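Below is one structure, written out as structure tokens, with a few remarks after it.
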Amino acid sequence: MPVSDHELIEAWKEVLTLSKLEQGQTVTVLTSMSTHPQTLSTAILAARAMGAVVNRLDLPPVNGEKSLSRDSLAYLGTTPLTGNRAAIAALKESDLVLDLMTLLFSPEQHEILKSGTRILLAVEPPEVLARMVPSKADQSRVKAAAEKLGAAREMHVTSEAGTDVRFRLGQYPAISEYGFVDEPGRWDHWPSGFVLTWANEGGSSGTIVLDRGDILLPMKSYVQDRITFTIADGYVREIAGGLDADILRDYMASYNDPEAYAMSHIGWGLQPRARWSTLGMYDREATIGMDARAFEGNFLFSFGPNNEAGGSRTTACHIDIPMRNCTVALDGSEVVRRGQVLDTARERNAHA
Ligand SMILES: O=c1ccc(O)c[nH]1
């Protein structure tokens, strides 16, 4: 069943309150052709009800003629803001930007954040947004995990299917995604609930074996046959398997960009209200698959850009791969064991 306008307005009010929206602040809602009308209308109503000055900035979409997918996270690098000084100026002047279009992995996003503007991405279907309204408990759990990840020098991931890969850490910060933007200059994504970082340049090596049921994004498919990735010096050097591997290889080759094969972010899911099984419940184009990225105990790794972390790689190809049943260890200490998060109740509420 759809979610009611009333439910979604209440959800927006909770998220905007957690994001410390104050009376008289300026909110700019960034939209494009794929923006969901109910998400837009309820966002504006909620922000107005909280006494904000609310603008809407609607921009024409880009890359539609280049990308093999309309998923807003599939083809990156340029956005409708690229080179658009007037639009960027408006967003820099705003206290809070509600991104209903997707700026993620764009240089413009960083320029706007540096001005102190907060940016909250929200492009999942209204029902997914309403099911995963963020909470302070989400925040404390993710921040506790980020502290561990930020202090680690090596991540070692294994699985019974044969995954055995090591990532040297320390060059890039740990990033928390918990669904609201409560500090100046913060970016976050509603819904989320996971922690991620990037391995040191050239610092990834080993084997990743996708098992039946692991997920490919933006394909939004559950892998049927195993895929074996050989990782060396920070890049995937071989992608071996059956039809799923062929599909992934063909898609990545379409970018004709060696940087597409670089390891991108790595981390694990911490959102108890996200479910592995949800991907099959939505039409492929209706969702960008945040349940898959956030479900508790996943190991999420990706190929492609690292500009989100301050790196210089802005390849347009971005592949996210959430896995089940992995064991993730930081400097020898397990944080996830065969798909079960090992944080304690105390850590879950460390920041409450
Ligand atoms: O919220 C997100 C979404 C996609 C991604 O690759 C990272 N974080």
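Quick caveat, the model's predicted, so the values are computed rather than measured.
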* Of the non-hydrogen atoms in Gln109 and Trp187, which two are nearest, and what is the gap between them? -> NE2-CD1, 3.3 Å

* Asked: Do other residues, nucleotides or ligands put more than 12 heavy atoms under 6.0 Å from Glu111 CD?
  -> yes

* Asked: Is the number of heavy atoms from other residues, nucleotides or ligands under 6.0 Å of Arg237 CZ greater than 12?
  -> yes

* Structure fact -> Across all chains, not counting sequence neighbours, the ring-ring contact (aromatic ring centres under 6.0 Å, His included) partners of His265 are Trp198, His318

* **Side chain Ser67, main chain Gly64, donor-acceptor under 3.5 Å** => no

* Can Arg313 and Glu201 be said to form a salt bridge (Lys or Arg N to Asp or Glu O under 4.0 Å), step by step? -> CA-CA 10 Å; Arg313 188 169 36 251; Glu201 288 306 312; 3.4 Å; yes

* Return yes when atom CD of Glu93 has more than 12 non-hydrogen atoms of other residues, nucleotides or ligands closer than 6.0 Å, and no otherwise. => no

* **Polar side-chain atom of Asp71 near backbone of Leu73 as donor-acceptor pair, under 3.5 Å** => yes

* Minimum heavy-atom distance Ser302-Asp320, with the two atoms named -> CB-OD1, 3.0 Å

* Structure fact -> Residue pairs meeting ring-ring contact (aromatic ring centres under 6.0 Å, His included), one or both in residues 64-96, sequence neighbours left out, come to Tyr75-Tyr255

* Asked: To the nearest 0.5 Å, what is the distance between CD (Glu124) and OG (Ser192)?
  -> 11.0 Å

* Asked: Just one of Gln139, Lys136, Arg118 clears the side-chain hydrogen bond (donor to acceptor under 3.5 Å, both in side chains) bar with Asp182, so which one?
  -> Gln139

* Structure fact -> Sequence neighbours excluded, the answer for ring-ring contact (aromatic ring centres under 6.0 Å, His included) partners of Phe180 is Tyr178

* Asked: Do other residues, nucleotides or ligands put more than 12 heavy atoms under 6.0 Å from Glu183 CD?
  -> yes

* Asked: Should Ile227 and Tyr261 be counted in the same cluster of Ile, Leu, Val, Met, Phe, Trp and Tyr side chains packed under 4.5 Å apart?
  -> yes

* Asked: Looking at residues at least two apart in the chain, or sitting in another chain, which of them share a side-chain hydrogen bond (donor to acceptor under 3.5 Å, both in side chains) with Asn200?
  -> none

* Report the distance from atom OG of Ser176 to atom NZ of Lys143, rounding to the nearest 0.5 Å. => 7.0 Å

* Sequence neighbours excluded, which residues qualify as side chain to side chain contact (heavy atoms under 4.5 Å, CB included) partners of Ser94? -> Thr26, Thr28, Val97

* Asked: Under a 4.5 Å cut-off applied to non-hydrogen side-chain atoms, are Arg56 and Leu40 in contact?
  -> yes

* Locate the shortest heavy-atom distance separating Leu76 from Ser72; write the atom from each residue and the value. => CD2-O, 4.1 Å

* To do: Test Thr117 against Ser115 for side-chain hydrogen bond (donor to acceptor under 3.5 Å, both in side chains), laying out the working first.
  => CA-CA 6 Å; Thr117 299; Ser115 73; 3.1 Å; yes

* To do: Tell me, with the steps shown, if Arg226 and Asp244 meet salt bridge (Lys or Arg N to Asp or Glu O under 4.0 Å).
  => CA-CA 8 Å; Arg226 288 185 174 181; Asp244 294 305; over 6 Å; no

* Between Ile321 and Leu216, is any pair of side-chain heavy atoms under 4.5 Å apart? -> yes

* Ring centers of Phe303, Phe229 separated by less than 6.0 Å -> yes

* To do: Count the heavy atoms belonging to other residues, nucleotides or ligands that lie under 6.0 Å from CZ of Arg273, then report whether that count exceeds 12.
  => yes

* Separation of Thr327 OG1 from Trp268 CH2 (nearest 0.5 Å) -> 13.0 Å

* **Heavy atoms of other groups near Arg131 CZ, more than 12 under 6.0 Å** => yes

* Given the rule that I, L, V, M, F, W and Y join up when any side-chain heavy atoms are under 4.5 Å apart, are Leu96 and Leu113 in one cluster? -> no

* Which ILVMFWY residues are connected to Ile247, directly or by a chain of links, through side-chain heavy atoms under 4.5 Å apart? -> Leu243

* Within the side chain of Glu7, is there an N or O that forms a donor-acceptor pair under 3.5 Å with the backbone of Ala130? -> no

* To do: Any pair with a residue in residues 31-52 that passes ring-ring contact (aromatic ring centres under 6.0 Å, His included), sequence neighbours left out, goes on the list, sorted by first then second residue, please.
  => none

* In the hydrophobic cluster built from side-chain contacts under 4.5 Å, what are the other members alongside Val53? -> none

* Check whether any side-chain heavy atom of Arg212 sits under 4.5 Å from a side-chain heavy atom of Gln224, and report yes or no. => yes

* Asked: Is there a side-chain contact between Tyr235 and Ser204, using heavy atoms and a 4.5 Å cut-off?
  -> no

* Linked, directly or transitively: Ile239 and Met219 (ILVMFWY side chains, under 4.5 Å) -> yes

* Do Leu81 and Ile112 have side-chain heavy atoms sitting under 4.5 Å apart? -> yes

* Asked: Step by step, would you call Thr78 with Asn63 a side chain to side chain contact (heavy atoms under 4.5 Å, CB included)?
  -> CA-CA 8 Å; Thr78 53; Asn63 300 326; 3.1 Å; yes

* Asked: Partners of Phe299 by ring-ring contact (aromatic ring centres under 6.0 Å, His included), sequence neighbours excluded?
  -> Phe301

* Yes or no on salt bridge (Lys or Arg N to Asp or Glu O under 4.0 Å) for Lys148 and Asp343, after CA distance, side-chain angles and deciding distance? -> CA-CA 10 Å; Lys148 282 184 189 171; Asp343 58 357; over 6 Å; no

* Would a 4.5 Å heavy-atom cut-off, applied to side chains only, mark Thr207 and Ile231 as touching? -> no

* Asked: Ignoring hydrogens and geometry, is there a side-chain-to-backbone donor-acceptor pair from Thr163 to Val209 under 3.5 Å?
  -> yes

* Linking I/L/V/M/F/W/Y whenever their side-chain heavy atoms sit closer than 4.5 Å, directly or via other members, would Val341 and Val328 fall into one cluster? -> yes

* Is it possible for you to check whether Arg324 lies under 6.0 Å from the centre of the six-membered ring of Trp276, through NZ or CZ, and within 45° of that ring's axis? => yes

* Structure fact -> Hits for side-chain hydrogen bond (donor to acceptor under 3.5 Å, both in side chains) against Asp225, two or more places apart or cross-chain, chain-then-number order -> none

* **ring-ring contact (aromatic ring centres under 6.0 Å, His included) partners of Trp190, counting only residues at least two apart** => Trp12

* Please write out which residues are connected to Val62 in a hydrophobic cluster, directly or through intermediates, given that two of Ile, Leu, Val, Met, Phe, Trp, Tyr count as joined at side-chain heavy-atom separations below 4.5 angstrom. => none

* To the nearest 0.5 Å, tell me how far Leu30 CG sits from Leu98 CG. => 9.5 Å

* Find out if a path of hydrophobic residues (ILVMFWY) with successive side-chain heavy-atom gaps under 4.5 Å connects Val336 to Phe194. => no

* Asked: Any side-chain heavy-atom pair from Pro272 and Arg141 closer than 4.5 angstrom?
  -> yes

* Can you find a heavy atom in the side chain of Ile266 that is under 4.5 Å from one in the side chain of Leu169? -> yes

* Asked: So, the side chain of Asn307 versus the backbone of Ser312: is there a donor-acceptor pair under 3.5 Å, distance only?
  -> no

* Asked: When rounded to the nearest 0.5 angstrom, what distance separates CD1 in Ile88 from CG in Leu103?
  -> 9.0 Å

* Value rounded to 0.5 Å, distance of CD1 in Ile215 from NZ in Lys220 -> 11.5 Å

